[in-house]
Peer 1: 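Below is a structure I'd like to ask you about.
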Amino acid sequence: MNIASVIVDVPARQTDKSFDYLIPDEYIGSILPGMRIIVPFGPRKIQGFVVDLKDESDFSKLKEISEPMDLYPVLTKELLELGDWLAEKTLCYKISGFQAMLPAALKAKYEKKLILAENVDPLQLSLILQPFFIDSRELKWDEAINHGILSEIQREAANKLIDVIYEVKERVRKKKLKHIIPELSIEELIIEKEKINTRAGKQKDVIDFFIHRHKPIELRTLLSELKISSQTVSALVEKKILMEKELEVYRDPYQDRQFKQTYPLPLTEGQQKVIHPIQQSILMDEHHVFLLYGVTGSGKTEVYLQSIQTVLEKGKEAIVLVPEISLTPQMVHRFKGRFGDKVAVLHSGLSAGEKYDEWRKIQRKEVSVVVGARSAVFAPFENIGIIIIDEEHETSYKQEENPRYHARDVAIQRAEHFQCPVVLGSATPSLESFARANKKVYQLLSLPNRMNNQSLPAVEIIDMRDELRSGNRSMFSSVLFEKIKDRLEKKQQIVLFLNKRGHSSFIMCRDCGYVVNCPHCEISLTYHQSQQKMKCHYCGHEEYVPKQCPECKSEHIRYFGTGTQKVEEELGKVLPEARVIRMDVDTTSRKGSHEKLLDAFQKGKADILLGTQMIAKGLDFPNITLVGVLTADTMLHLPDFRSSEKTFQLLTQVSGRAGRHELPGEVIIQTYSPEHYSVELAGSQDYDQFYQYEMMVRKTHRYPPFYYLSLITITHEELMKVVTITEKITKYLRSKLSNNAIVLGPVASPIPKINNRYRYQCLIKYKKEPELSNALKIILDQYQQEMASSGLQITVDLNPYILM
DNA sequence: GTTTCATTCCAA
DNA sequence: TGGAATGAAACT
């Protein structure tokens, strides 16, 4: 086994296959599948993944592997196979599949450098180059370009005075801290202690410390614990009693946190009923997909926790996926509290280094539970006993860049391999999942009642058009306003929800209707009050607010739409006594601020929590008795077939924040389209009826779950090019697919231009098209060249969630 | 006849 | 993806 099959780090069609390399004798046996290695590829060196070992190759002239990058494989055999599966299912490159499964820290960084050839003195170089090589024998390629000395370099490279080398670097270093280790045994330490001068009492203390705790300790901790200075320690190091050593430590974002240990709570009858089949499946090593459909506050989390308990008792591991925005401290607390050190947490708030360290805890099997966002589904466990996906309907489980996978599909694929259950939990399951449960593909488990049988909050829908007619032009209906005042008096808490951050959404001239658009994208700019600027959320373009209309020179400029910031201002005006905490991307961007704000709210330091999406989930505070949704329909009119579903889900989730404990809750939903079924049915909290209705709509319009979707988006700077290519692709697909497939296009994307690139698309609706995947591959092959050279972009998404 | 630029091909 | 080889156009 001295030949390795390697997938190289070149994301391109032609290199999307394994290349064979010889393993140098010194590495035979230590280079294993799943490891990262450095290999020569053409003239340079790059990273690769070993996918297989073999004795023979079809190629005669094999190059040798330069060096391994890992001591142990970073991908297990199962993950290697999963990578192939990902590439096949999402039409991505294998290398992209592998990289998606690993923390970003493990992705290679490349550096091109120039070094003086061996035995060459800098003075031998041309005068221009000498200063660059006097101090050091190497120079970064980028610097050489910046100094405009490239041609000089090339000349000297031809003379063999300078070599060009390629370095593959690690992105993140393992964190190392100075530790102190006793160099002697306990017995020897006791003897040494006696020898120490009585005046050096501190030194004796240190030795005593190691007699009682004979293992390495971080220098800083030692110093602070014994209240000594580093001199004391270095004196002992001098005497060869102790030793200093750099030891690797984990960056643990939760290390200073105490988590109160919790114990399994007695389950309600309903919970027992649903947990039984899950535990059965765990114990029997059977693969099933369960859809746990439980209303908000029905105690799904406790079902998760106790299922995991069963898994751990079997000596297996658990993966829990939660949407990024609900990966709140509260959520983490519940898992850490129950399983303590056995839990690793992965989410986007961690630095690359922290993520890497959490990941390594998993790799080394130091933990057996992972709680994390989408990518945690790839946790490198080798003995998975359950995969739980909370808030199953959340769209954030779909990755919107390559590889465009859905965590639910990956979870099911992995669970099949490990013969273990998948639990999809939600109060408002996605139509796809619920339909599958109805078809008995998934097993449906229902928790129809809240814990302690509290009733769901009473919901009232307010027609804002009536408010307008009766002269109320504020953003609070009179009903909501009265209720807010009432709660303030009663010292109860209020949550106000608005799914738009910032101030106003767009700015329009009142006289001529002119709306300021982004010059690079075909979309209106968003007003941000803090900087008095208008920004484009797609390309980042910024400009100042015009004082007069650029079109008709009118000065009547109106700000439309309402953002959290504006609501906060207004609250300050009409209810100056109310203490408000605002939570949106702007106020929670700094690390830990999210937690701080929630903590303050919990401690009653504010009466009103005002926020965007991020407050819709997971909040569980006893004192919240009123939830107000300021504008329920902002999402409703987006060009997206899921907008009704999303609206229903969001409204239901937000409503679920109220009255989860003793105090009953009330919900006020303000809307301009009260008669829309998703608003109306969210009001009556009737998922089943919503499901029926929406399924009908989907059926008539031929959308999922009745049809599969695939979306091809073509972008280029020139409109003509985009149109012709989209036309060709559409035509080709029509010729390849059956008559049952519906090929829509070419049409301009809902956002027809982003960042000066025109966007066209082709949407395919189909039930069964075995040729589709192949046809798409051929298309990607066909345009591969143009995509590399002329800036053409073609993205293919099998099962898209965003149709823009 | 030489240089320069763009395009295509290749990598084990 | 980066680079080398190839071929065509521009330049002396």
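In the text below, chain A, chain B and the rest are named by the order of the sequence lines, each starting its count at 1.
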Peer 1: State plainly whether the residues A/Arg374 and A/Glu400 are in salt-bridge range, i.e. N to O under 4.0 Å.
Peer 2: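 Result for this pair is no, no salt bridge flagged.
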
Peer 1: If I take atom CD1 in residue A/Ile95 and atom P in nucleotide B/dA11, what distance separates them, rounded to the nearest angstrom?
Peer 2: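 It is 19 Å, rounded to the nearest whole Å.
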
Peer 1: Looking just at side-chain N and O atoms, do A/Tyr250 and A/Glu366 make a donor-acceptor pair shorter than 3.5 Å?
Peer 2: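 Yes.
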
Peer 1: Please classify the nucleic acid contact of A/Ser60 as base, sugar-phosphate, or nothing, using heavy-atom distances under 4.0 Å.
Peer 2: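 The residue A/Ser60 makes no contact with any strand.
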
Peer 1: Does A/Lys736 come within less than 4.0 Å of A/Glu769, counting only side-chain N to carboxylate O?
Peer 2: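 No salt bridge links A/Lys736 with A/Glu769.
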
Peer 1: How many whole angstroms separate atom CG of A/Asn402 from atom P of C/dT1?
Peer 2: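 Interatomic distance, CG of A/Asn402 to P of C/dT1: 12 Å.
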
Peer 1: Can you tell me how far P of C/dT1 sits from CH2 of A/Trp141, to the nearest Å?
Peer 2: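 Whole-Å distance recorded here is 18 Å.
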
Peer 1: What is the distance, rounded to the nearest whole Å, between atom CD1 of A/Ile165 and atom P of C/dG3?
Peer 2: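 To the nearest whole Å, that distance equals 14 Å.
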
Peer 1: How many Å lie between CZ on A/Phe41 and C1' on B/dA11, as a whole number?
Peer 2: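 Whole-Å distance recorded here is 4 Å.
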
Peer 1: Could you check which of B/dA12, C/dG3, C/dT1 has an atom nearest any side-chain atom of A/Tyr166?
Peer 2: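 Looking only at side-chain atoms, A/Tyr166 lies closest to C/dG3.
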
Peer 1: Just how far, in rounded Å, is C1' of B/dA12 from CD1 of A/Ile3?
Peer 2: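 It works out to 10 Å between those atoms.
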
Peer 1: Counting the atoms with a prime plus P, OP1 and OP2 as sugar-phosphate, which does A/Ser57 contact under 4.0 Å by heavy atoms, base, sugar-phosphate, or nothing?
Peer 2: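 Answer is nothing: A/Ser57 stays at 4.0 Å or more from every strand.
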
Peer 1: Let me know the distance between CZ of A/Phe19 and C1' of B/dA11, rounded to the nearest Å.
Peer 2: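 A/Phe19 atom CZ is separated from B/dA11 atom C1' by 6 Å.
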
Peer 1: Between A/His406 and A/Tyr397, what is the ring plane arrangement, given parallel below 30°, perpendicular above 60°, and tilted in between?
Peer 2: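 Tilted.
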
Peer 1: Starting at NZ of A/Lys107 and ending at P of C/dT1, how long is that distance when rounded to a whole Å?
Peer 2: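 Rounding to the nearest Å, NZ of A/Lys107 and P of C/dT1 are 10 Å apart.
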
Peer 1: Has A/Lys112 got a side-chain N or O lying under 4.0 Å from the OP1 or OP2 atom of C/dG3?
Peer 2: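 True: A/Lys112 side-chain N/O within range (under 4.0 Å) of C/dG3 OP1/OP2.
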
Peer 1: At under 4.0 Å, does any side-chain N or O of A/Lys63 touch on OP1 or OP2 of B/dA12?
Peer 2: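 Checking A/Lys63 against B/dA12: at least one side-chain N or O falls below 4.0 Å of OP1 or OP2.
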
